[in-house]
Amino acid sequence: MAFWLMKTEPSYFSIDDLKRQKISMWDGVRNYQARNFMRAMKKGDTVLVYHSNKAPVGIAGIAEIVRVAYPDPTQFDVANEHHDKKATLETPRWDAVNIRFVKKFKQVLTLHELKNDPHFETMPVTQKGSRLSVQPVSEHHFKRVYKLGT
DNA sequence: GCCAACGTTGGC
DNA sequence: GCCAACGTTGGC
C-alpha cells in the first residue's frame with residue numbers, strides 16, 4: 001500500500017468534480033518521471049489530490065487507485081489539448097489511471113501550512129521549484145496530512 | 001552528447 | 001501577469 005500526491009488545476013479538474021463523478025480517469029500527464037510513478041501505482045493505493053495554481057493552493061482531499069496504468073486515450077485524440085503526435089496505438093507514450101473519490105477535506109490543507117510544519121520539511125511538494133505533478137508520499141507524511149486535513 | 005532555445009509549470 | 005525553475009527539442 002503506497003501513497004501518492006497528484007496535482008491538478010481545479011479549474012480543469014477539482015476534488016468536487018471527482019466527488020460528483022465518483023470514479024475519474026486521471027489523464028493528461030505529459031512528464032516521464034510523473035508517468036513512471038503512475039506506472040508504479042497499484043490498486044488500492046492512496047492519492048492526495050492537490051489543487052495547484054488557484055488559491056487556496058494545497059491538498060484538497062483523498063482518492064484511491066481503482067485501475068492501474070493504461071494508455072492515456074487523450075494522446076491519440078487530435079482534437080484533445082493533450083494530443084501527442086508522436087504517440088501511436090502501437091507505441092503509446094503516456095498513461096492514465098482511474099481513481100475513486102474517498103474524501104474531501106473540510107478545508108484545503110494549504111501549501112503555506114505544509115511549509116510551516118516541520119513534519120513536511122522533506123516532502124517534495126514543499127520544496128522550491130517542485131513541478132513534478134505526480135509524487136510519492138511517505139506514510140509518515142500521509143498520516144500527518146490525514147490528521148491535519150480531516 | 002552538448003547545450004541554446006524554447007515551452008511549461010505553478011507559486012505569488 | 002510575472003518569472004524562476006525546470007523539462008524537452010533539435011542542430012551540431
Side-chain angles (χ1 to χ4, degrees), chain A residues 2-21 24-41 45-65 68-99 101-138 140-150:
Chain A
F3 305 94
W4 307 94
L5 179 146
M6 297 206 286
K7 294 180 188 171
T8 180
E9 292 189 30
S11 58
Y12 175 77
F13 180 83
S14 73
I15 192 76
D16 290 320
D17 295 323
L18 177 62
K19 188 175 184 179
R20 208 174 310 115
Q21 295 175 12
S24 304
M25 174 173 72
W26 197 280
D27 59 14
V29 171
R30 294 295 180 266
N31 171 284
Y32 288 105
Q33 202 181 346
R35 183 204 66 184
N36 293 341
F37 282 134
M38 289 173 84
R39 288 183 174 176
M41 292 174 175
D45 281 0
T46 300
V47 175
L48 299 174
V49 177
Y50 180 93
H51 283 179
S52 65
N53 260 314
K54 184 173 165 291
V57 164
I59 299 166
I62 295 174
E64 177 193 350
I65 300 294
V68 298
Y70 58 99
D72 177 350
T74 65
Q75 71 192 301
F76 310 121
D77 180 359
V78 290
N80 191 282
E81 61 173 315
H82 299 298
H83 173 244
D84 183 344
K85 61 178 185 290
K86 289 184 179 167
T88 64
L89 285 168
E90 293 73 30
T91 54
R93 296 178 114 186
W94 309 112
D95 282 19
V97 294
N98 287 2
I99 61 171
F101 174 80
V102 174
K103 191 183 288 281
K104 179 186 175 181
F105 287 172
K106 287 189 288 286
Q107 50 191 13
V108 171
L109 179 57
T110 65
L111 179 61
H112 185 74
E113 290 173 277
L114 295 175
K115 283 182 171 174
N116 282 311
D117 185 330
H119 283 92
F120 300 118
E121 212 172 323
T122 59
M123 196 178 189
V125 78
T126 64
Q127 310 303 308
K128 183 175 157 69
S130 159
R131 303 192 331 175
L132 194 59
S133 63
V134 179
Q135 308 179 354
V137 174
S138 72
H140 165 69
H141 287 152
F142 172 75
K143 283 181 171 168
R144 182 78 181 163
V145 165
Y146 192 87
K147 190 178 169 187
L148 296 174
T150 58

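Chain letters run A, B, ... following the sequence lines, proteins first, then strands; residues in each count from 1.
Across the protein-nucleic acid pair, A/Lys128 atom NZ and C/dC3 atom C1' stand 10 Å apart, rounded to whole Å. Counting to the nearest Å, the P atom of C/dT8 and the CH2 atom of A/Trp94 are 7 Å from each other. Following rounding to the nearest Å, A/Asn31 (CG) and B/dT8 (C1') show an atom-to-atom distance of 10 Å. Regarding A/Lys85, its NZ atom lies at a distance of 12 Å from the C1' atom of C/dG10, rounded to whole Å. At whole-Å resolution of the value, CZ in A/Arg131 and C1' in B/dT9 are 5 Å apart. Distance A/Ile59 CD1 to B/dG11 P: 12 Å, rounded to the nearest Å. Atom CZ of A/Arg93 is separated from atom P of C/dT8 by 9 Å (rounded to the nearest Å). Atoms CG (A/Asp84) and P (B/dT8) sit 13 Å apart, rounded to a whole Å.
The environment of A/His112 atom NE2 is sparse: at most 12 non-hydrogen atoms of other residues, nucleotides or ligands sit within 6.0 angstrom. The number of heavy-atom neighbours closer than 6.0 Å to CZ of A/Phe13, taken from other residues, nucleotides and ligands shown, is above 12.
Of the side-chain N and O atoms in A/Tyr50, one or more sit less than 4.0 angstrom from OP1 or OP2 of B/dG11.
Among the atoms of the strands shown, none is found under 4.0 Å from any heavy atom of A/Lys54.
Taking 3.5 Å as the limit, the base of B/dT8 and the side chain of A/Arg30 contain no donor-acceptor pair of atoms between them.
Two residues, A/Asn53 and A/Ser130, neighbour DNA chain C, and the one matched to the more 5' nucleotide by heavy-atom proximity is A/Asn53.
Out of B/dC12, C/dT8, B/dG10, the shortest distance to the side chain of A/Ser52 is found at B/dG10. The side chain of A/Leu111 lies closest to B/dC12, out of C/dG7, B/dC12, B/dG10. In the set C/dT9, B/dG10, B/dC12, the nucleotide with an atom closest to the side chain of A/Lys86 is C/dT9. With B/dG10, C/dT8, B/dG11 as the candidates, the nucleotide lying closest to the side chain of A/Lys7 is B/dG10.
Aromatic ring orientation, A/His82 versus A/Tyr12: perpendicular (interplanar angle above 60°, classes split at 30° and 60°).
No hydrogens or angles considered: a donor-acceptor pair under 3.5 Å links the side chains of A/Thr74 and A/Arg30. In summary, the side chains of A/Ser130 and A/Gln135 do present a donor paired with an acceptor at a separation below 3.5 Å, with no hydrogens or angles considered.
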